[in-house]
Amino acid sequence: MTDHERDRPTVHALLADGTTVCIRSVRPGDHEQLRGFYEEMSTENLRLRFFAASRRSADLAADRAAAPARPGYRALLAETQGRVIGLAEYETGDDPHTAEMSIAVADGLHHRGVGTLLVEHLVSAARADDVTTFTADALSENYEVLRLFTDLGLRAARRFEGPEVRCTIALAEDDTYLSAVEARGRAADVASLEPLLRPDVVAVVGAGRRPGSVGRALLHHLHAGGFTRRLFAVNPHVSSILGVPSYPSVGALPKVPDLAVLAIPPDALPATAEECGKAGVRALLVVTAGLDSDQAEALMAACRTYGMRLVGPNCLGISNTDPRLRLDATFAASHPRPGTAGVAVQSGGVGIALLDGLSRLGIGVSSFASLGDKYDVSGNDMLQWWESDGRSDLALLHLESFGNPRAFARTARRVTRRMPVLTVDAGRTEAGRRAAASHTAAAATPTVTRQTLFAQAGITATGSVGELLETAALLHSQPLPAGTRVAIVTNAGGAGVLAADACAEAGLSLPAPTPELIDDLLALLPEGAAVGNPVDATAAVTEDQLRDCVDRLLRYPGIDAVLVALVPTAVAVATGDDLVRALTDGPGRRERPVAVVRLEQDLPVKLLPTPEGGAIPSYAEPVAVARALAHAARRTAWLNRPAGTIPELTEVDTARAHTVAETYLAAHPDGGWLDPRTCAELLACYGIPQLPWAWAETEDDAVIAAERLRGADGRVVMKAQWPGLVHKSEQHAVHLDLQGDAQVRAGFRDFETRFAGLMTGVVVQPLASRGTELFAGVTQDEVFGPLVLFGLGGTATEVLADYAARLAPLTDHDVHDLITAPRCAPLLLGAHGSRPADLEGLEQLLLRLSRMAGELPQLAEADFNPVLATPAAVTVLDARVRLLPRRAQDPYLRRLR
């Protein structure tokens with residue numbers, strides 16, 4: 001292999017204490033650095049590494065690591081500011097799937113996760129090289145390295161051989177390993193955010209004397225907000241701004257800032273960021289907008305070189321309302337109200353709307369980050385912060401783009417089991433996507449991809465900021481409903497009708513009351529009340545009667561939530577009854593949710609306080625409360641659903657599949673659609689069932705193939721083929737129901753005439769039996785990874801768009817969702833007394849398609865259409881696969897953006 005083929009991309013990652021290191025492949029030019037790395041090691045460290053305190057062994061190790069690239073050997077180093085602090089390497093022997101590995105860490109840097117991080121990256125590299133097992137020798141007294149191997153999360157075995165221990169580590173990735181990597185990454189991530197969100201010293205660079213400047217506004221907010229720690233300004237022209245001491249430069253400050261807030265022109269950013277890094281600043285908040293590519297690159301280079309986390313640029317700022325800190329580094333109009341909702345946005349305008357809305361509702365904010373152009377700190381970082389901050393119980397996101405969706409989804413799945421995670425589904429239209437500059441997938445809309453991510457991760461996705469706040473109000477103040485069954489109570493029939501329509505349209509159900517419940521409610525309510533669902537309590541209902549009615553409904557086991565639709569009436573005014581008070585002055589926090597609709601309400605949503613310190617959400621529109629209840633019910637269903645597993649598959653030949661893909665791309669460097677024979681060979685590697693077929697390049701070959709393949713009825717299908725042909729039906733390149741040699745010859749000659757100069761041959765297949773025509777496919781998105789689609793097939797696929805989608809790898813639950821979600825699902829499950837399709841065969845097809853997409857990064861698209869489903873079998877009748885020259889990406893490898 002060449003140096004380029006062996007070289008892995010340089011990445012930056014976080015150590016256990018939150019500091020940043022660079023991880024990269026060793027190159028020949030690193031020889032002197034590596035010699036220095038070993039020369040600085042203590043005698044004891046050398047002895048543990050080489051089993052003897054030998055400087056000669058260290059020299060040989062440096063020579064080996066920095067030698068030109070060679071097959072079977074790989075070395076990765078960790079460095080910070082140009083200094084090598086760790087080295088990990090492996091080398092295969094006679095067995096290319098087993099490699100001997102070793103690890104070395106510089107003196108004084110143990111217990112910071114350098115070795116573990118290097119080994120994680122070495123494991124990822126080894127998997128890409130088809131290495132399945134590491135072996136390593138260590139002295140039995142080398143407890144640190146032995147613990148490193150044990151704590152990796154991989155299956156490890158030890159064998160003692162005198163004073164040495166032989167360790168064998170299986171590199172197969174499973175959930176145990178991913179969870180261990182995730183836990184280490186979470187701890188490192190949170191540690192790295194401490195200087196940003198809990199700084200002891202803050203400096204505002206660019207705070208001027210002129211009122212109205214952004215820098216001055218930021219300094220004013222920090223000072224007026226009562227920041228409890230040290231605050232400085234950096235301005236060479238004054239000694240004090242707004243009562244805050246000012247210094248001419250970052251280097252002149254009496255204490256090194258944890259956080260530097262930069263509100264300076266773009267051309268000054270690179271030098272200032274460099275100055276901050278050299279001074280020891282740990283985090284930057286950059287509100288400046290309009291950076292060009294060179295300025296952006298220089299800013300990021302400074303952050304990575306000196307290990308500074310970065311929020312922005314082009315952002316509103318950050319806030320932490322902890323009363324022990326009171327950090328408000330934003331230029332919003334007012335300070336956010338302290339509370340329990342974590343908020344992260346990319347748009348400053350959306351951020352202001354959410355801060356105002358949460359403050360008005362009384363929910364308040366625990367911490368806030370306007371991520372802006374999101375060069376570094378992301379929504380994934382903030383989720384992990386809120387998970388561990390001890391204050392947040394609600395997470396609100398507005399993200400226009402994703403850096404690593406699969407890592408984000410894994411984090412969100414964990415966090416959303418502890419607290420609701422809500423988002424605005426931004427960029428649902430083409431205009432919205434252009435505005436957000438988000439990535440678009442090849443074979444499915446970005447909307448489908450993004451919504452699939454949210455659904456699988458358990459994220460509550462809303463359509464607007466207003467809907468986000470409406471849903472947050474319910475989730476914050478009320479228990480989750482057990483299901484979708486809602487009882488409506490109203491004092492005006494028209495309001496009840498509106499509420500009933502809204503609930504039905506939101507997917508909620510309105511069960512009819514039982515005779516016993518009807519009798520109980522009639523005994524409670526005034527004469528003339530209509531006890532159905534909705535319950536029309538009439539305008540004469542009193543405060544006490546309404547309270548008793550709601551309490552009785554909440555005790556009824558056939559109801560999951562109660563919606564009370566109220567309008568002001570003269571009757572209530574005359575009697576002095578306050579129907580809202582009937583709900584807020586009732587018993588404490590109820591076991592089932594209660595929500596109110598007041599059509600005259602001035603604000604879309606309010607939280608009505610209760611004497612016990614709780615609240616009842618009140619909405620101006622029935623549609624809003626119905627949407628919120630539906631979101632809450634979906635959250636309940638997601639929480640109650642066990643985590644899925646990825647089933648084991650037999651008859652899968654991954655190595656052969658890689659060979660097929662590599663062989664094709666060697667002959668077609670730019671990639672392309674596979675010819676039928678290569679496509680069939682690839683599908684066979686994953687045990688995907690295909691209808692028998694034969695390739696024919698001449699009329700006589702087609703007749704012979706038809707004779708061999710035609711079934712009992714003697715009919716065959718013929719499909720023309722040429723490079724790049726995608727939609728055969730649209731090109732009229734398919735002949736169905738050919739009988740006898742004469743029709744086969746006529747069909748072939750027709751193709752030859754119409755597609756002269758294009759056609760390279762034909763595919764001949766037996767005419768398939770009757771069944772349900774389905775579609776199964778994959779698109780490999782460079783951002784989101786492989787997306788598996790399934791739905792109604794045949795020529796109606798694109799017209800009806802009846803399909804569902806899930807991100808790979810598919811679990812058993814994902815496969816069930818794919819099969820049952822499309823509108824055509826009843827055809828598969830046995831509608832109208834018909835026999836169900838081979839559901840197990842469908843599950844296997846989708847799992848194998850997912851496996852193929854996950855193992856072959858070169859797979860850009862796969863389109864199985866039609867897939868024939870009968871009660872006896874599931875068979876792919878036509879398959880198209882497109883490969884591109886892509887390298888595998890490990891989505892769970894710890895690295896910064």
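Values in this document were obtained by computation on a predicted structure and should not be read as measured data.
Shown here for K728 and Q721, the closest heavy-atom pair between the two residues is CE-OE1, 3.8 Å. Q780 approaches G785 most closely through the heavy-atom pair OE1-C, 3.7 Å. Across A626 and L508, no two heavy atoms sit closer than the pair O-CD1, 3.6 Å. Nearest heavy atoms, A702 versus M718: CB-CE, 4.2 Å. Annotation for A804 and A821: closest pair CB-CB, 3.7 Å, computed over non-hydrogen atoms. Taking both residues in full, the closest heavy atoms of L807 and T452 are given as N-CG2, 3.4 Å, listed atom of the first, atom of the second, then distance.
R127 places no side-chain N or O within donor-acceptor distance of the main-chain N or O of D890, the cut-off being under 3.5 Å. T462 places a side-chain N or O within 3.5 Å of a backbone atom of T423 that can act as its donor or acceptor partner. Remark: the backbone N or O of D812 is not paired with any side-chain donor or acceptor of E843 at under 3.5 angstrom. With hydrogens and angles disregarded, a donor-acceptor distance shorter than 3.5 Å links the side chain of D675 to the backbone of R677. Looking only at distances, no side-chain donor or acceptor of S124 sits under 3.5 Å from a matching main-chain atom of L893. Side chain of T636 to main chain of G483: no donor-acceptor pair is present (N/O by atom type, distance under 3.5 Å, no hydrogens or angles). With hydrogens and angles disregarded, no donor-acceptor distance shorter than 3.5 Å links the side chain of Y803 to the backbone of A776. A side-chain donor-acceptor contact under 3.5 Å links T132 to the backbone of H97. A donor-acceptor pair is defined here as one N or O able to donate and one able to accept, closer than 3.5 Å; such a pair exists between the side chain of R641 and the backbone of H813. With hydrogens and angles disregarded, no donor-acceptor distance shorter than 3.5 Å links the side chain of D741 to the backbone of V703.
More than 12 heavy atoms of other residues, nucleotides or ligands lie within 6.0 Å of CD in Q739, so this atom counts as buried by the packing criterion. Sparse packing is recorded around NE2 of H816, with 12 or fewer heavy atoms of other residues, nucleotides or ligands lying under 6.0 Å away.
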Starting from the C-alpha separation in whole Å, work towards a yes-or-no answer on side chain to side chain contact (heavy atoms under 4.5 Å, CB included) for Y892 and R406. CA-CA 8 Å; Y892 305 115; R406 282 177 280 182; 4.1 Å; yes
Is there a side chain to side chain contact (heavy atoms under 4.5 Å, CB included) between S179 and R410? Walk through the geometry before answering. CA-CA 9 Å; S179 296; R410 189 171 177 87; 3.3 Å; yes
Could you walk me through whether L842 and V815 pass the side chain to side chain contact (heavy atoms under 4.5 Å, CB included) check? CA-CA 9 Å; L842 274 178; V815 169; over 6 Å; no
Set out, in order, the CA-CA distance, both residues' side-chain angles and the distance that settles side chain to side chain contact (heavy atoms under 4.5 Å, CB included) for L849 and F864, then state yes or no. CA-CA 10 Å; L849 182 58; F864 301 169; 3.8 Å; yes
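Using a 4.5 Å heavy-atom cutoff, the side chains of V744 and R710 are in contact. Counting only heavy atoms from C-beta outward, the side chains of D737 and Q743 never approach each other to under 4.5 Å. Side-chain atoms of K374 and E400, non-hydrogen and from C-beta on, never get closer than 4.5 Å to each other. When side chains are defined from C-beta on, L839 counts as touching L829, because their heavy atoms get closer than 4.5 Å. For the pair L859 and L883, the minimum side-chain heavy-atom distance is below 4.5 Å. Using a 4.5 Å cut-off on side-chain heavy atoms (C-beta onward), L399 and S378 make no contact. No side-chain heavy atom of R851 sits less than 4.5 Å from a side-chain heavy atom of L810. For the pair P647 and L847, the minimum side-chain heavy-atom distance is below 4.5 Å.
Looking only at atom types and distance, the side chain of R635 has a donor-acceptor partner in the side chain of T416 under 3.5 Å away. Judged purely by distance below 3.5 Å, without hydrogens or angles, the side chains of T753 and D750 never pair a donor atom with an acceptor atom. For E855 and Y686, the side-chain atoms include at least one donor-acceptor pair closer than 3.5 Å. When only modelled atom types and interatomic distance are considered, Q451 and D425 share a side-chain donor-acceptor pair under 3.5 Å.
F751 and H735 have parallel rings, their planes meeting at less than 30° on a 0 to 90° scale where 60° marks the start of perpendicular.
Atom CZ of residue R806 and atom CD of residue Q456 lie 5.5 Å apart, to the nearest 0.5 angstrom. Atom CG of residue L884 and atom CG of residue L665 lie 8.0 Å apart, to the nearest 0.5 angstrom. Residue L868 holds its CG atom at 11.0 Å from CG of D838, rounded to the nearest 0.5 Å. To the nearest 0.5 angstrom, R414 atom CZ is 8.5 Å from L383 atom CG. Atom CD of E173 is separated from atom CG of L178 by 4.0 Å, given to the nearest 0.5 angstrom. Rounded to the nearest 0.5 Å, atoms CG (L725) and NZ (K719) are 11.0 Å apart.
F408 meets the ring-ring contact (aromatic ring centres under 6.0 Å, His included) test with F402; sequence neighbours excluded.
Under a cutoff of 6.0 Å and an axis angle of 45°, R417 and W638 form a cation-pi pair.
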